[in-house]
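The block underneath contains the structure these notes are about, expressed in structure tokens.
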Amino acid sequence: MPIPELLDWPTEVTEARAIQDRWRDRVEVCDRLHLVNSVAGVDLGFENEGRTTRAAAALFSYPDLELMETAIAIYPTIFPYIPGYLSFREVPPILKALRQLTVFPDLILCDGQGLAHPRRFGLACHLGVLLDCPTIGVAKSRFIGTHGEPGRKRGSWELLTDGEETIGAVLRTRAKVKPLYVSIGHRVSLETAISYVLACAPNYRLPETTRIADRLASNRT
DNA sequence: GCGACAG
DNA sequence: ATCTTGTCGC
């Protein structure tokens, strides 16, 4: 699985928005995955007062969830954090980390939204379309949309809606703990996404993939 | 105009 | 995201 080189990465919000509008139609919302033997989590951390980005990738076997490989990539921070344009800040460093993996994951869990985005093209969608690989958006907080409060037990969820449109799900991965915002990234249906997130988060609120990636990215241990 | 706003 | 110690609860 070759990871594309990035040419002409946008610097301005206007170009970024144009790319989102031009690529949003390429998002696939139905299941198109192979047998999932590996799952990866990717996340970022920052150093030097934000001037340096530290990307991490953690590859796990599935469904065993054994940590197989990790990768860390240092990258200059190239785009500011602007709500709605997170992927333009995170994708380049993430690709650099993924290139270091020996095995390309069958599924990637992203730390952020997928379709639950103003223009339906959040980080998980962007990464998925760019790599043409299955991705799921797993965010720790709401960006857009409305929803009811999911039941307090693990596994209960509510639809995340924007007007008449379903854009994701609010999923409780641990009883009585703040739920996660799950949305389609690419090539994984919402129902399938929910089951994978649950399967990847057997003991904690966050999936094992993002927990480890997060830890690596923030330089902890 | 005012408030909200993934990481 | 990051700055940061102790502290409340199971």
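In what follows, every chain begins at residue 1, and chains take the letters A, B, ... in the order their sequences are listed.
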What's A:Gly84 touching, base or sugar-phosphate or nothing? Going by heavy atoms closer than 4.0 Å. base
Just the rounded figure in Å: distance from C1' of B:dA4 to OH of A:Tyr81. 10 Å
Looking at A:Lys140, does any N or O in its side chain come under 4.0 Å of the phosphate oxygens OP1/OP2 on B:dG7? yes
Separation of C:dC10 atom P from A:Arg152 atom CZ, nearest Å, is 15 Å
Side chain of A:Asp214, heavy atoms from C-beta onward: which of B:dC5, B:dA6, C:dA1 has the nearest atom to it? C:dA1
Could you give the CG-to-C1' distance, from A:Asp43 to B:dG7, as a whole number of Å? 8 Å
Quick check on B:dA6: is either OP1 or OP2 less than 4.0 Å from any side-chain nitrogen or oxygen of A:Arg142? no
In terms of side-chain geometry, is the basic nitrogen of A:Arg187 or A:Asp132 positioned less than 4.0 Å from the acidic oxygen of its partner? yes
Tell me the closest heavy-atom pair linking A:Arg120 and A:Val27, and the distance in Å. O-CG2, 4.4 Å
Of the nucleotides B:dA6, C:dA1, B:dG7, which one has an atom closest to the side chain of A:Glu90? B:dG7
Would you indicate which nucleotide in B:dA6, B:dC5, C:dT2 comes nearest to any side-chain atom of A:Ser141? B:dA6
Can we call the ring centroids of A:His186 and A:Trp23 under 6.0 Å apart? no
Nearest-angstrom distance from the residue atom CG of A:Leu44 to P of C:dA1: 10 Å
Rounded distance (Å) that lies between atom P of B:dA4 and atom CD of A:Gln113: 18 Å
For A:Arg54 and C:dA1, what is the distance between atoms CZ and P respectively, to the nearest whole Å? 14 Å
What closest approach, in Å, do A:Pro92 and A:Phe88 show between heavy atoms, and which atom pair accounts for it? CD-O, 4.0 Å
Answer yes or no: is there an ion pair linking A:Glu149 with A:Arg172, defined by an N-O contact shorter than 4.0 Å? yes
Atom-to-atom span, NZ of A:Lys176 to C1' of C:dC10 - whole angstrom: 10 Å
Using a heavy-atom cut-off of under 4.0 Å over every strand shown, decide if A:Leu123 touches base, sugar-phosphate, or nothing. base
Please work out if A:Phe79 contacts a base, only the sugar-phosphate, or nothing of the nucleic acid, heavy-atom cut-off 4.0 Å. nothing
Send over the distance from A:Asp111 CG to C:dA1 P, rounded to a whole Å. 7 Å
